[in-house]
Amino acid sequence: MKNGLIIISFALLMSSFYQSYGQCTQCSGTNNSGANSSAIGQGTSSIGINSFASGTYSVASGNTSTSLGMYNLSSGIQSVSIGSYIQATNSHGIAIGSGGGSGNELINSEAYSLMVGFNSIYPTLFVSNSTTFPPFNKTGKIGIGNVTDPQAKLHLKADEGENAAMLIQPYNWLAGESASLALGSLNYGITSNKDCRSSA
């Protein structure tokens, strides 16, 4: 009898703790109409099968997609959007950061890719897919600036009105430390310090 009372008391205590600190699912305006989906927060929607949405007015409509944050959309299959005013609209696409607000979302419409940007409709960083089939032994390309189709392993593009530049900065330039860019191998390239602007 004593053990039974202890078990009942413990169950009531845990129930009270859960009610006080448990997460709110299907809260105000949430929709988890997709099979095996979950929606947490306010106005979130999990429409895709096995999808998950959390935050405020974020939508996960692609099957097995995830949308986390505010006013995000993950409509591609297995797509992910994290941040605010972000959209991942193609299969296996990932978008992270923040757009410029309603009507100025940062949108990743490229399949199997990662897009990162903040306070802009354009990405600062883009990682493409490897465009290969089995045995999956290739790698993608990286774009910096508004580049979603990198033409080289690393493709930098300046914004309108600014110069395209890359800075390689040593810890203490004034003390004579050098900055180097290797070309082909570590034995070839360009090295510069405050006393010698460039050398090959």
By side-chain hydrogen bond (donor to acceptor under 3.5 Å, both in side chains), Tyr112 pairs with (sequence neighbours left out) His92

To the nearest 0.5 Å, atom CG of Leu125 lies from atom CD1 of Ile144 at 6.5 Å

Report task. Would you indicate whether Lys153, at its atom NZ, is surrounded by more than 12 heavy atoms from other residues, nucleotides or ligands within a distance under 6.0 Å? Result -> yes

When Val147, Thr148, Val116 are each screened for side chain to side chain contact (heavy atoms under 4.5 Å, CB included) with Pro123, the one that passes is Thr148

- Checking Asn90 side chain against Ser109 main chain: does a donor-acceptor pair fall under 3.5 Å? yes

Heavy atoms of Ala95 and Gln87 approach each other most closely as CB-O, 3.6 Å

All heavy atoms of Ser65 vs all of Ser61, minimum pair found to be OG-N, 3.7 Å

Over 12 foreign heavy atoms within 6.0 Å of CG, Leu186: no

**Study point:** Short side-chain to backbone donor-acceptor contact, Ser45 and Ile47, under 3.5 Å
**Key:** no

Output for pair (Gln151 CD, Leu154 CG), nearest 0.5 Å, gives 13.0 Å

Let me check something: any side-chain donor-acceptor pairs from residues 68-77 under 3.5 Å, sequence neighbours excluded? List them with distances.
from	atom 1	to	atom 2	distance (Å)
Asn72	OD1	Tyr85	N	3.1
Asn72	OD1	Ile86	N	3.0
Asn72	ND2	Leu68	O	2.7
Asn72	ND2	Gly83	O	2.9
Ser74	OG	Thr66	O	2.7
Ser74	OG	Ser81	N	3.0
Ser74	OG	Ser81	OG	2.8

One should read off an interatomic distance between Asn50 CG and Asn36 CG, to the nearest 0.5 angstrom, of 5.0 Å

Separation between CD (Gln78) and OG (Ser51), nearest 0.5 Å, reads 12.0 Å

### Query
Same hydrophobic cluster for Ile49 and Val59, using side-chain heavy-atom links shorter than 4.5 Å among ILVMFWY?
no

Output for pair (Ile168 CD1, Ser192 OG), nearest 0.5 Å, gives 10.0 Å

Transitive ILVMFWY side-chain link Tyr57 to Ile82, under 4.5 Å: no

For the pair Thr44 (side chain) and Thr30 (backbone), establish whether a donor and an acceptor sit closer than 3.5 Å, ignoring hydrogens and angles. no

Of all heavy-atom pairs linking Gly176 and Asn193, the shortest is O-CB, 3.7 Å

Note: Met115 and Leu106 closest approach over all heavy atoms is SD-CD1, 3.7 Å

The side-chain hydrogen bond (donor to acceptor under 3.5 Å, both in side chains) partners of Glu105 (sequence neighbours excluded) come to none

So NZ of Lys157 and CZ of Phe126: to nearest 0.5 Å the spacing works out to 13.0 Å

| Can you tell me if Asn163 uses its side chain to pair, donor with acceptor, with the backbone of Ala165 under 3.5 Å? | no

In terms of heavy-atom contacts, Ser37 and Ser46 come closest through OG-O, 3.2 Å

Heavy-atom closest pair (Ile94 atom, Asn108 atom, distance to 0.1 Å) is O-ND2, 2.9 Å

Quiz item: Looking only at atom types and distance, does a side-chain atom of Ser58 sit under 3.5 Å from a main-chain N or O of Gly55, one as donor and one as acceptor?
Solution: no

